[in-house]
K.L.:
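Dropping the structure in here first, questions after.
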Protein chains: 2
Amino acid sequence: MRIGELARQAGTTTRTLRYYEARGLLPARRAENGYRRYDEEDLRLLHQIRLLQDFGFELEETRPFVDCLRAGHSSGDACPASLDVYRRKLAELDAVIGRLGQVREQMSAQLARAELEASAATPPAPRCELTQAAPKGHTRGADDGADE
Amino acid sequence: MRIGELARQAGTTTRTLRYYEARGLLPARRAENGYRRYDEEDLRLLHQIRLLQDFGFELEETRPFVDCLRAGHSSGDACPASLDVYRRKLAELDAVIGRLGQVREQMSAQLARAELEASAATPPAPRCELTQAAPKGHTRGADDGADE
DNA sequence: GTAGACCTTGACCCTGACGTCAACGCCAGC
DNA sequence: GCTGGCGTTGACGTCAGGGTCAAGGTCTAC
């Protein structure tokens, strides 16, 4: 099949496939007219890549899995190199989750404290527009209509 | 104080301060010779920015806090806009942590399955080099040597 | 009066994973 | 024989948060 077809089947874009080829991750055979040609095997490799990408793998980190599949294994994680990547990513993941959990706790504490202070203290500087929604003042510099 | 001094006191770089100024986040007064001039207040604003950055805030998301401090409040989260950002980030954080937790579970299950298969099945294609990354048995995980 | 530290602006470079254009080749259908 | 849809390569843009020059102005100390 050609590049557009593969992209559709894998739910990605031709640009992405060319990018993968440029990275050497998913090289393509060429037809006589220069068009890239792919087969079902490439679709499998591509599925593997996308799956790992969804897991948050960088492109380079999917390479051992792709190589493993290409070497004839039925699954991309049948090779030691892939397992190493799994273990490393797992450790990274734990570190990130731990860090985010800490941040979450700190932020939530900050929020609780700030909400408490906001409800307890009637604003000591009641003429400051920033503490109120937007009754009349226009002290916020240039126009700032951008609300998300 | 001048830009170099502020950078030193805040543990950042002059490039970063100019970047913040270009973003309109931390504008500087100018001396007659054109040099940027900062005071203790700017140092406080900068501390606020760096703290939130450490929490994983994008630069733009620190703006309400900075504006709040600049409006005279003793803490950057004393204004409703800041609280909104807190709440939004907290929700984002929960979503990300949840997602990462799922990914962690899936990956760990994949790893367990793959390890099991690797140990159970003596490689059906023993002449494939990809299944033998290291010269001697290296099938045991928990390698701690190769860190960046 | 000059070295050297500090400041200025401007411009280009980096990462990751692509998006978007431009300009052109190939091919099928009418 | 022309239109339209595919394909090709190449180059540049994006986003964040800066890093790293380069060329030159300013200030302070000796």
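Since this is a predicted model, take the numbers as computed values, not measurements.
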K.L.:
Would a distance-only check, ignoring hydrogens and angles, find a side-chain to backbone donor-acceptor pair under 3.5 Å from A:Asp39 to A:Asp42?
P.N.:
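Present.
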
K.L.:
Starting at atom CZ of B:Arg30, determine the distance to atom C1' of C:dC6, rounded to an integer number of angstrom.
P.N.:
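Those two atoms, CZ and C1', are 15 Å apart.
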
K.L.:
Rounded to whole Å, how long is the line connecting atom CZ of B:Arg8 with atom C1' of C:dC6?
P.N.:
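Between C1' of C:dC6 and CZ of B:Arg8: 9 Å.
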
K.L.:
As a test of reading the structure: which of D:dT26, C:dC18, D:dG7 is closest to the side chain of B:Asn33, going by heavy atoms?
P.N.:
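My answer, after comparing the listed nucleotides, is D:dT26.
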
K.L.:
If you take atom types as modelled and just measure distance, does the side chain of B:Tyr20 reach the base of D:dG17 with a donor-acceptor pair under 3.5 Å?
P.N.:
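Such a pair does not exist between side chain and base.
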
K.L.:
Tell me if the side-chain of B:Arg15 makes a donor-acceptor pair with the base of D:dG19, cut-off 3.5 Å, by modelled atom types.
P.N.:
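Yes, the side chain and the base share a sub-3.5 Å donor-acceptor pair.
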
K.L.:
Take the protein atom OH of A:Tyr35 and the nucleotide atom C1' of C:dG25, then report the distance between them rounded to whole Å.
P.N.:
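One finds 7 Å between C1' of C:dG25 and OH of A:Tyr35, rounded.
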
K.L.:
Going through the distances and angles, do B:Gln9 and B:Glu5 end up as a side chain to side chain donor-acceptor pair (under 3.5 Å)?
P.N.:
CA-CA 6 Å; B:Gln9 287 200 29; B:Glu5 176 70 10; 3.0 Å; yes

K.L.:
If I take atom CZ in residue A:Arg18 and atom C1' in nucleotide D:dC6, what distance separates them, rounded to the nearest angstrom?
P.N.:
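Going from A:Arg18 (CZ) to D:dC6 (C1'), I get 10 Å.
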
K.L.:
Whole Å only: how far is the CD atom of A:Glu60 from the C1' atom of C:dA17?
P.N.:
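That distance rounds to 12 Å.
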
K.L.:
Rounded to whole Å, please give me the gap between CZ in B:Phe57 and P in D:dG17.
P.N.:
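So the CZ-P distance, B:Phe57 to D:dG17, works out to 12 Å.
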
K.L.:
For the pair made of OH in A:Tyr19 and C1' in D:dT9, what is the distance, rounded to whole Å?
P.N.:
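That distance rounds to 17 Å.
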
